[in-house]
Asks: 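Here it is, the structure, as structure tokens.
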Amino acid sequence: MKSDPNSPTFVCDEYGCHWQMTRIEKIAFHALVKKILPGNALEIGTYKGGSLQVLSEFSKHVYSVDISDEPKKALEALYGNVSFIVGDSKKLIPEFLADMKKQGKRLDFILIDGDHSENGVRTDINNILKYYVPESELFLVCHDSFNPSCRKGIVGAEWKDCPYVDMVEVDFVPGVYHYEAFDTAKPKSMWGGLTVARLLPEKRQGELTVHQSQKGLFDAVHKDSIS
Ligand SMILES: C[S@@+](CC[C@H](N)C(=O)[O-])C[C@H]1O[C@@H](n2cnc3c(N)ncnc32)[C@H](O)[C@@H]1O
């Protein structure tokens, strides 16, 4: 396989669970989580525990949501600081956030990597922006911002309506073009990419810019992609 975006490598090899991120995303994700050292972290999209193994290592507690009960069954025994939540994030996140508030618990880090449809991603982001009022700095990371549907959901989310959003960079880490099939990706598909947003407890002064620093790259590659 010529187009494997993870091989060769010598970084993050110590993590044993299959991780659906590229080599550069793993490095960036690891660095971000290690820098933030979250008290509480929320992850939407557990899958085989790839991002979870890093969140568990550097966070005090992780809430990990998946629509399937397979991740919980496979991974529960491995992590003492993870609460596995089974269900559709679009439906359960508002109630989850209300419960966190009742218990006086804050979130420091959120990864959205679940339903990758335009509506799925947009709903996950909007639910956070609408139902969570940060009392301290919160980092919101969305995976697969290079995938056309996912990107539409990210760009179309109601970032500007939330006064606590301080910055959004859709292309914090740009994604990749799979010209041949790779893992669950089809040939000629666009995947990967990390969006990073920061929310602050103080209300923003002035207009928010939703940065897409690599829109030119996205548009150029999109012309040759299947979606
Ligand atoms: C791309 S994988 C997550 C990869 C993982 N974060 C990693 O780093 O390896 C997406 C996961 O999201 C889950 N998922 C899809 N739709 C969902 C939804 N509506 N609510 C919660 N989880 C969902 C899938 O079952 C799948 O396990």
Side-chain angles (χ1 to χ4, degrees), residues 4-7 9 11-34 38 41-59 62-76 78-79 82-97 109-128 131 139-154 157 172-173 175-176 178 181-186 189-196 227:
D4 186 338
N6 299 326
S7 174
T9 192
V11 288
C12 295
D13 287 346
E14 65 276 27
Y15 293 106
C17 293
H18 178 68
W19 188 355
Q20 280 201 317
M21 287 193 189
T22 64
R23 177 177 43 209
I24 188 64
E25 289 165 359
K26 289 177 184 175
I27 294 169
F29 187 80
H30 185 271
L32 265 176
V33 179
K34 191 175 175 187
L42 166 67
E43 166 180 71
I44 298 175
T46 319
Y47 194 46
K48 297 189 177 174
S51 40
L52 181 60
Q53 55 203 336
V54 177
L55 288 171
S56 170
E57 181 176 348
F58 295 110
S59 311
V62 187
Y63 299 87
S64 188
V65 179
D66 205 288
I67 200 161
S68 158
D69 63 356
E70 289 302 318
K72 178 176 158 88
K73 284 196 263 176
L75 301 167
E76 203 166 31
L78 299 182
Y79 301 108
V82 179
S83 303
F84 290 88
I85 302 169
V86 179
D88 183 349
S89 58
K90 296 190 287 303
K91 296 185 182 145
L92 63 79
I93 287 298
E95 199 178 323
F96 167 81
L97 295 174
F109 189 91
I110 300 175
L111 171 67
I112 296 180
D113 193 14
D115 177 347
H116 284 60
S117 67
E118 178 184 347
N119 179 53
V121 179
R122 191 173 47 226
T123 304
D124 280 340
I125 297 171
N126 285 347
N127 279 338
I128 307 288
Y131 295 107
F139 286 88
L140 173 53
V141 173
C142 307
H143 188 223
D144 288 318
S145 49
F146 212 55
N147 175 261
S149 312
C150 208
R151 191 177 185 94
K152 266 194 201 160
I154 294 171
F172 194 87
V173 176
V176 292
H178 294 290
F182 174 72
D183 195 2
T184 53
K186 291 185 179 155
S189 63
M190 299 163 76
W191 288 101
L194 291 173
T195 291
V196 176
S227 51

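We count ligands from 1, going down the list as the structure has it; atoms in each ligand are counted the same way.
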Asks: Tell me: protein heavy atom nearest atom 10 (C) of ligand 1, and distance?
Replies: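 Answer for atom 10 (C) of ligand 1: Asp113 O, 3.2 Å.
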Asks: Between the side chains of Ser117 and Asp115, is a donor N or O closer than 3.5 angstrom to an acceptor N or O?
Replies: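 Side-chain D/A pair, Ser117 to Asp115: present.
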Asks: What I'd like to find out is whether the side chain of Ile93 reaches to under 4.5 Å of the side chain of Tyr131, using heavy atoms alone.
Replies: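 In short, these two side chains do not touch, never coming nearer than 4.5 Å.
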Asks: Applying salt bridge (charged side-chain N to carboxylate O under 4.0 Å, His left out), can you list everything that pairs with Glu70, at least two apart in sequence or on another chain?
Replies: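 Glu70 satisfies salt bridge (charged side-chain N to carboxylate O under 4.0 Å, His left out) with Lys73 only.
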Asks: Look only at the side chain of Asp113 and the backbone of His143, and say whether a donor-acceptor pair between them is shorter than 3.5 Å.
Replies: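 Absent.
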Asks: Should you measure from each heavy atom of Asp88, which atoms of ligand 1 turn up under 4.0 Å away?
Replies: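 Close to Asp88: 18 (C), 19 (N), 20 (N).
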Asks: Compute the minimum heavy-atom distance from Gly87 to ligand 1 and say whether it is under 4.0 Å.
Replies: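 Distance cut 4.0 Å: Gly87 passes for ligand 1.
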Asks: Just go through Cys17, Ser51, Ser64 and tell me whose heavy atom is the nearest to atom 7 (C) of ligand 1.
Replies: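 The residue whose heavy atom sits nearest atom 7 (C) of ligand 1 is Ser51.
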Asks: So which heavy atom in the protein is nearest atom 20 (N) of ligand 1, and how far is it from that ligand atom?
Replies: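 Result for atom 20 (N) of ligand 1: Ser89 N, 2.9 Å.
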Asks: What I want to know is whether Pro71 and ligand 1 share at least one N or O pair that is separated by under 3.5 angstrom.
Replies: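 No, since none of the N or O atoms of Pro71 sits under 3.5 Å from an N or O of ligand 1.
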Asks: For atom 9 (O) of ligand 1, what's the nearest protein heavy atom and its distance?
Replies: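 Looking at atom 9 (O) of ligand 1, the protein heavy atom closest to it is Gln20 N, 2.9 Å.
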Asks: Tell me, do Arg23 and Cys12 make a side-chain contact under 4.5 Å, heavy atoms counted?
Replies: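 In short, these two side chains do not touch, never coming nearer than 4.5 Å.
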Asks: Among all protein heavy atoms in this structure, tell me which lies nearest to atom 25 (O) of ligand 1, with the distance rounded to 0.1 Å.
Replies: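 Minimum-distance protein heavy atom for atom 25 (O) of ligand 1 reads Asp66 OD1, 2.7 Å.
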Asks: So if I count the atoms of ligand 1 from 1 in the order they appear, which ones are less than 4.0 Å from some heavy atom of Lys90?
Replies: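 Those atoms are 19 (N).
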Asks: What are the two closest heavy atoms between Cys150 and Asp144, and how far apart are they?
Replies: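 Scanning both residues completely, I find the closest heavy atoms to be CB-O, 3.1 Å.
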Asks: Short question: side chain of Asp4, backbone of Asn6 - any donor-acceptor pair under 3.5 Å?
Replies: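 Between the backbone of Asn6 and the side chain of Asp4 there is a qualifying donor-acceptor contact (under 3.5 Å).
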Asks: Are the aromatic rings of His30 and Tyr15 close, with centres under 6.0 Å apart?
Replies: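 When the ring centroids of His30 and Tyr15 are compared, they turn out to be within the sub-6.0 Å range.
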Asks: Considering Leu55, Val54, Ile67 one by one, which has a heavy atom nearer to atom 23 (C) of ligand 1 than any of the others?
Replies: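 Of the listed residues, Ile67 has the closest heavy atom.
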Asks: What I want to know is whether Thr46 and ligand 1 share at least one N or O pair that is separated by under 3.5 angstrom.
Replies: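 In fact, backbone or side chain, Thr46 has no N or O that close.
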